[in-house]
J.: 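The following block contains the structure, expressed as structure tokens.
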There are 2 protein chains.
Amino acid sequence: MPKATFFNLPGKKRDLITNQAVQEFARHPYEGASLSAIVSRAGIAKGSMYQYFTGKKDLYQYIIQEVYEKKREFLKPVWEEKDRLNFFELASLYYRRSWHFARKYPLHHRVTVNFWESRDIAVRDEMLHKKEVRSTEFLEMLEAGLLSGVISRSADKDAVWFVYHAVAKALIDNFLDPGVNPESHEAYINSVLTVLELGLRPRKEQ
Amino acid sequence: MPKATFFNLPGKKRDLITNQAVQEFARHPYEGASLSAIVSRAGIAKGSMYQYFTGKKDLYQYIIQEVYEKKREFLKPVWEEKDRLNFFELASLYYRRSWHFARKYPLHHRVTVNFWESRDIAVRDEMLHKKEVRSTEFLEMLEAGLLSGVISRSADKDAVWFVYHAVAKALIDNFLDPGVNPESHEAYINSVLTVLELGLRPRKEQ
DNA sequence: CCTCCATATGACCACCCGGTCACATTCCGG
DNA sequence: CCGGAATGTGACCGGGTGGTCATATGGAGG
């Protein structure tokens with residue numbers, strides 16, 4: 001969505017602008033982010049920004065796209081294990097790697113969190129699109145789990161999806177909580193997933 | 001936190017201001033809510049608002065307090081069943097009644113949703129305080145469930161709390177999704193809770 | 001009736017926002 | 001070296017914000 005001019009820019013300058021924009025959208029959700037702050041920190045004129053993008057929304061959509069591309073790339077190794085691991089193992093791997101992403105690229109992580117909490121209409125449709133992208137692989141995983149019998153066949157598929165989605169969101173929200181102990185956090189993710197796996201009602205067989 | 005002047009106001013006028021503020025904070029999260037819009041819709045002068053409250057934040061805190069008081073009152077009947085119902089029955093009752101609250105007072109519901117999604121610092125401490133308030137009764141419920149053995153003793157208590165909290169948030173977020181069928185929604189809440197109760201791994205005993 | 005104090009008012013302030021545009025600068029092919 | 005196209009610039013615009021304050025209004029007690 002950026003104009004051609006943006007891609008004609010020398011790489012350094014383009015990266016600087018991109019990075020400053022990521023930083024701003026990490027600090028504030030779309031509505032609260034300030035274009036003026038971005039251009040000022042990037043050391044360019046306001047008018048220049050409008051040579052590169054048609055407006056604030058355009059810039060935001062570009063940044064969102066870049067950030068998700070990066071995350072998708074980072075998560076690729078998880079899906080390559082798809083055939084070797086069962087649903088529960090894969091889910092654990094998925095969340096642990098998402099956590100690594102959040103630690104390695106905290107700004108990008110913050111951008112995604114701000115993004116899916118945004119209630120802006122201009123952003124919502126794009127959001128739905130992205131959510132589909134995000135969930136496709138996970139949904140496949142779930143289907144396979146149900147088919148193979150690793151997941152109880154009596155479970156309501158919609159409800160399972162809902163629960164996992166909710167817990168995923170909460171887990172990821174908390175990925176960067178200050179005061180979290182890196183060593184224990186992986187174990188914590190697994191504890192949470194175990195609750196989902198076994199359920200709260202005691203099991204007779206163990 | 002409002003000034004004494006506010007409580008000297010005739011009841012009608014006080015209610016009008018309160019209602020318009022609730023409406024605005026239902027439409028927009030704190031940062032995006034407009035004081036000018038509130039006073040304009042309430043038909044009072046901007047200066048008058050500053051006779052009643054010390055500022056926007058003060059007004060917001062008052063509204064939040066009122067809204068949560070209303071919700072707490074509405075949920076009271078649930079906790080009176082505490083001794084008659086087990087953990088799972090109580091949880092079901094709790095969410096179904098929360099949903100009734102959302103249907104009956106959609107604006108107040110929206111205010112709560114905006115509130116706990118807010119990332120404003122001025123609001124965060126207050127929020128933590130409120131969350132404690134909200135969770136106290138639920139945490140008690142959970143403790144009792146663990147003690148009585150209705151909940152598996154092998155479950156990690158923190159993880160259980162985390163999962164329930166996450167699902168609660170997601171359920172409540174979706175309470176007012178347009179296009180939701182009121183009759184089926186209660187059943188859906190129960191489906192979701194059943195997933196938590198039984199877990200995803202198949203059970204041998206059934 | 002007059003005084004005094006609480007209350008009501010809206011013009012006004014400084015500041016911010018996203019966006020525009022006439023003009024300056026840079027670059028490159030002829 | 002020139003001329004035209006591409007790019008860079010920041011003052012400026014209209015409109016919004018939360019907050020202030022001198023002034024006007026009202027009502028209760030002496």
Side-chain angles (χ1 to χ4, degrees), chain A residues 1-18 20-25 27-64 114 118-123 126, chain B residues 1-18 20-25 27-64 114 118-123 126:
Chain A
M1 280 283 191
K3 301 184 185 173
T5 313
F6 182 65
F7 295 111
N8 295 341
L9 249 38
K12 289 273 185 186
K13 189 170 184 180
R14 207 169 55 222
D15 289 349
L16 176 61
I17 294 171
T18 305
Q20 291 301 337
V22 166
Q23 229 167 89
E24 180 69 9
F25 289 122
R27 264 195 270 268
H28 309 278
Y30 175 72
E31 297 93 339
S34 159
L35 239 166
S36 308
I38 296 173
V39 298
S40 141
R41 271 192 275 260
I44 63 172
K46 180 97 71 82
S48 297
M49 201 53 126
Y50 285 83
Q51 305 271 15
Y52 311 144
F53 300 90
T54 64
K56 187 184 180 183
K57 189 167 63 182
D58 189 31
L59 168 62
Y60 186 60
Q61 284 170 347
Y62 171 69
I63 295 297
I64 288 295
N114 283 336
S118 174
R119 210 178 334 297
D120 188 83
I121 306 157
V123 143
E126 185 80 2
Chain B
M1 280 281 193
K3 301 183 184 175
T5 313
F6 182 66
F7 295 110
N8 295 340
L9 250 39
K12 289 273 184 186
K13 189 170 183 180
R14 209 169 55 224
D15 289 348
L16 175 63
I17 293 171
T18 305
Q20 291 301 337
V22 165
Q23 229 167 93
E24 181 68 8
F25 289 122
R27 264 195 271 267
H28 310 279
Y30 174 73
E31 297 92 341
S34 159
L35 239 166
S36 306
I38 297 173
V39 299
S40 139
R41 270 191 276 259
I44 64 173
K46 178 96 73 79
S48 296
M49 201 52 125
Y50 285 82
Q51 306 272 16
Y52 310 144
F53 301 90
T54 64
K56 187 184 179 184
K57 187 166 64 181
D58 189 31
L59 168 63
Y60 186 60
Q61 283 170 347
Y62 172 70
I63 295 296
I64 289 294
N114 283 337
S118 173
R119 208 176 339 295
D120 189 81
I121 306 157
V123 142
E126 185 81 2

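Labels below follow one simple rule: chain letters A, B, ... track the order of the sequence lines, proteins then strands, and each chain is numbered from 1.
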J.: Under 4.0 Å, heavy atoms only, any strand: does Lys3(B) hit a base, just the sugar-phosphate, or nothing?
T.: nothing

J.: Ile44(B) has an atom CD1; how far is it from atom C1' of dA24(D), in whole Å?
T.: 17 Å

J.: Quick one: CZ on Phe25(A) to CD1 on Ile38(A), what's the gap to the nearest 0.5 Å?
T.: 4.5 Å

J.: Once you apply a heavy-atom cut-off of 4.0 Å, does Tyr52(B) come out as touching a base, just sugar-phosphate, or nothing?
T.: sugar-phosphate

J.: When rounded to the nearest 0.5 angstrom, what is the spacing between CD1 in Ile63(A) and CD in Gln23(A)?
T.: 11.5 Å

J.: Please tell me if the side chains of Asn114(B) and His28(B) come closer than 4.5 Å, counting only heavy atoms from C-beta onward.
T.: no

J.: Report each atom pair, protein N/O against N/O of nucleotides 16-23 of chain D, whose distance is under 3.5 angstrom.
T.:
unit_1  : atom_1 : unit_2   : atom_2 : d
dT17(D) : OP1    : Ser34(B) : OG     : 2.7
dG18(D) : OP1    : Ala33(B) : O      : 3.0
dG18(D) : OP1    : Leu35(B) : N      : 3.1
dG18(D) : OP1    : Lys56(B) : NZ     : 3.3
dG18(D) : OP2    : Leu35(B) : N      : 3.0
dG18(D) : OP2    : Ser36(B) : N      : 3.4
dG18(D) : N7     : Lys46(B) : NZ     : 3.2
dG19(D) : OP2    : Tyr50(B) : OH     : 2.6
dG19(D) : OP2    : Lys56(B) : N      : 2.9
dG19(D) : O5'    : Tyr50(B) : OH     : 3.1
dG19(D) : N7     : Lys46(B) : NZ     : 3.1
dG19(D) : O6     : Lys46(B) : NZ     : 2.9

J.: Please list, one pair per line, the donor and acceptor atoms closer than 3.5 Å that link side chains of residues 41-49 of chain A to other protein atoms, with sequence neighbours excluded.
T.:
unit_1   : atom_1 : unit_2   : atom_2 : d
Arg41(A) : NH2    : Glu24(A) : OE1    : 2.8

J.: dT7(D) phosphate, OP1 or OP2: any side-chain N/O from Asn8(A) under 4.0 angstrom?
T.: yes

J.: For Phe6(A), report the nucleic acid contact type (base, sugar-phosphate, nothing); a contact means any heavy atom under 4.0 Å.
T.: nothing

J.: Say you draw a straight line from OG1 of Thr18(A) to OH of Tyr52(A); how long is it, rounded to the nearest 0.5 Å?
T.: 11.0 Å

J.: Extract, from 5' to 3' on DNA chain C, the first and final nucleotides lying under 4.0 angstrom from some heavy atom of chain B.
T.: dT7(C) to dG10(C)

J.: Answer yes or no for Lys56(B) and Tyr30(B): cation-pi contact, defined as NZ/CZ to six-membered ring centre under 6.0 Å and angle to ring axis within 45°.
T.: yes

J.: Just list the side-chain donor-acceptor pairs under 3.5 Å for residues 4-17 of chain A, sequence neighbours left out, or say none.
T.:
unit_1   : atom_1 : unit_2  : atom_2 : d
Arg14(A) : NH1    : Phe7(A) : O      : 3.1
Arg14(A) : NH1    : Leu9(A) : O      : 3.4

J.: Report the distance from atom CZ of Phe53(B) to atom CG of Asp58(B), rounding to the nearest 0.5 Å.
T.: 6.5 Å

